[in-house]
Structure formats: C-alpha cells, structure tokens
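Note that the structure is a prediction, hence the values are computed from the model and not measured.
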Amino acid sequence: MSIFTLSFYIHLDISVPPERVEKIMDQIEKYIMTRLYKYVFCPETTDDEKKDLAIQKRIRALHWVTPQMLCVPVNEEIPEVSDMVVKAITDIIEMDSKRVPRDKLACITKCSKHIFNAIKITKNEPASADDFLPTLIYIVLKGNPPRLQSNIQYITRFCNPSRLMTGEDGYYFTNLCCAVAFIEKLDAQSLNLSQEDFDRYMSGQTSPRKQESENWSPDACLGVKQMYKNLDLLSQLNERQERIMNEAKKLEKDLIDWTDGIAKEVQDIVEKYPLEIKPPNQSLVAIDSENVENDKLPPPLQPQVYAG
C-alpha cells in the first residue's frame, strides 16, 4: 500500500482533522522513505546520475559568473549579508545529507529564507520575487550542491504532492527548479555579454574577476580583495588540473597502444618464425666407465709376466 493510498483511507475518516492527517502523513513518509532511501534515491533504472554529473560540470564551467552579471541585489561586503550567503550555501548543500523528502524540502526553504534576509539587509527593504530568483541562481552556482538533479527528482517523486503544490515549500522548490533550468541554458545573452567574451570565459582564457580586481577602490575591504584573489588562483589551479588530467589520459592511451603494438609484433614474429625444439643429443659415456663397447678408445693394455 503506497503512502497516497493510505492517505486516501485516512481522509475517508471525516472525524480526523486535516492537521492530524498531515502529521500522520509526515510520519508515514519519514518511516517508509528512511528505509527505502538507498533503493529509490538515484536508482539505476533512471539517468539521474548522468544528469548530476552534467549539471555539476556545467556549474564548474560557470565559476567565473559574478553577482553583477546576474543582477544580484546582494552586497557581500556587509558582514551580515556575507554570513547569510554562507548559511544559504550550507543549507542547499546539506539537502543531500537528508533522507526524507520533507527534510530535503526544508533545507531548500531555509536556504531561501537566508537569501531573502540577505537581500533585505542589502536593500533596507523587503525582497521581491524578481530579486530572489537571480540570487538563488548565484547561490547554486557558488555552492554547486552535490547530486542536485537526483535530489530534485527524489523530492518530485516521493514528497507529499500537497506540500509541493501549496505553501512556501512548494514556491521555493519551484524556484530552485527554475534556477537549475536557467543554469543549464545560460548563454552570453543571458549575462549581457558578447559571444566572444562568453567563449573566452568558458574556455578559461581570462576571468572577469581578474579585470575587476584591477579597479578596486581604496576603501574596498581587504578580505573581499583576498577572496577574489584566491578565487582567481583556484580557477587557474583548476584549469591546470584539467590540462594535467587530459595529458595523463593521453599518456595512458599511448602506453596502452604501445604495449598492444609490441605484443602484436612479437606475435607476428613467433608465427612467421616458429621455434623448433629438437631433442637433446645422447649423452656421452664417461671415459672411466665400465661399458666400453660404445667407446672408440682402444682396449686397455693387459699386463704380461716374463720369466727371468
């Protein structure tokens, strides 16, 4: 019996208040999904893992995107705002450690509330929906949550539908899905960049942060300067690592091809010039052997006695 079938029978009992039904459903969901988690999360019958790797690689390639490009109304130089951004990233990453769909959804909600607070502190006014989505996209890009697509699919498949279709949880989850879709299709036009600049940034030839760091104002926070310097260094190290990995894979392939080539040449030579093993020659009889019939030596001298 599924969770939703059980819910149907509970709803038949009119005496049970809706709030009580919701709590019962949550407990049933927690009990069942905790025990089935390893079987139903990212199952082999789906392409969830493939999508996870694709979005993770995509986010890594977009590490150079700045808040200004996304029109993010958040000033990370303000300590309180910076703390909110860190908490939002922590919450969205923590989603992967939860097993119950409701708990994963709660992580998205906490992340979203931190984003709203960061916008509110920066602008000194309540945040709007137009401010929220770009900031959520920025948080996802900055955090690169593990198994993002698998978590989204898991929530979609097994979370209580009423929770997804109504309330703030459903609203924040929908925005997260929109943010992921935007990242997958993000192009030069989305960031108000020329195609040439976009291609240069994607290939790692240059970084917008490198250009921005040359125009720091004297009053800029030293911590922020150091952060961008470290990010630029990490970007360069990441590019070097990718080049080394590509060269290592190429070297491995060359070694395999060389080994296969040598083995083939040896096999061809063996087939062309087969090795014939002749039986060993009959061993020679020792000189002092008693068997002298096969020897070509003259017979030994016999002693003779002469009378005097």
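For Asn175, there are no side chain to side chain donor-acceptor pair (under 3.5 Å) partners two or more places apart in sequence or in a different chain. For Phe198, the ring-ring contact (aromatic ring centres under 6.0 Å, His included) criterion is met by Trp64, not counting sequence neighbours. Looking at residues two or more places apart in sequence or on another chain, you find a ring-ring contact (aromatic ring centres under 6.0 Å, His included) between Tyr154 and Tyr37, Phe41, Phe158. Residues passing the side-chain contact (heavy atoms from CB on, under 4.5 Å) test with Lys120, sequence neighbours excluded: none. Residues satisfying the side-chain contact (heavy atoms from CB on, under 4.5 Å) criterion with Glu125, sequence neighbours excluded, are Lys123. For Glu44, there are no side chain to side chain donor-acceptor pair (under 3.5 Å) partners, not counting sequence neighbours. When the side-chain contact (heavy atoms from CB on, under 4.5 Å) test is applied to Val86, the partners found at least two apart in sequence or on another chain are Thr90. Thr34 is linked by a side chain to side chain donor-acceptor pair (under 3.5 Å) to nothing, counting only residues two or more places apart in sequence or in another chain. In this structure Tyr171 satisfies the ring-ring contact (aromatic ring centres under 6.0 Å, His included) test with no other residue, sequence neighbours excluded. With sequence neighbours excluded, the residues satisfying side-chain contact (heavy atoms from CB on, under 4.5 Å) with Glu196 are Ser194, Arg200.
Note that CD of Glu49 is 13.0 Å distant from CD of Gln149, once rounded to the nearest 0.5 Å. Note that the CD1 atom of Ile139 and the CD1 atom of Ile93 stand 10.0 Å from one another [nearest 0.5 Å]. Separating the CZ atom in Arg99 from the CG atom in Asp96 is a distance of 11.0 Å, to the nearest 0.5 Å. Distance check: Leu191 CG to Asp197 CG gives 11.0 Å after rounding to the nearest 0.5 Å.
Gln195 and Asp199 form a side-chain donor-acceptor contact under 3.5 Å, judged by distance and modelled atom types alone.
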Side chains of residues 247-254: which donor-acceptor partners sit under 3.5 Å, not counting sequence neighbours?
| residue | atom | partner | partner atom | Å |
| --- | --- | --- | --- | --- |
| Lys250 | NZ | Asp254 | OD2 | 3.4 |
| Lys253 | NZ | Asp257 | OD2 | 3.1 |

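Annotation: ring-ring contact (aromatic ring centres under 6.0 Å, His included) contacts involving residues 69-98, sequence neighbours excluded, are absent.
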Thr122 and Asn75: CA distance, side-chain angles, deciding distance, side-chain hydrogen bond (donor to acceptor under 3.5 Å, both in side chains) verdict: CA-CA 6 Å; Thr122 301; Asn75 184 4; over 6 Å; no
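Ion pairing between a basic and an acidic side chain is recognised when a charged N comes within 4.0 Å of a carboxylate O; Lys264 and Asp260 show no such pairing.
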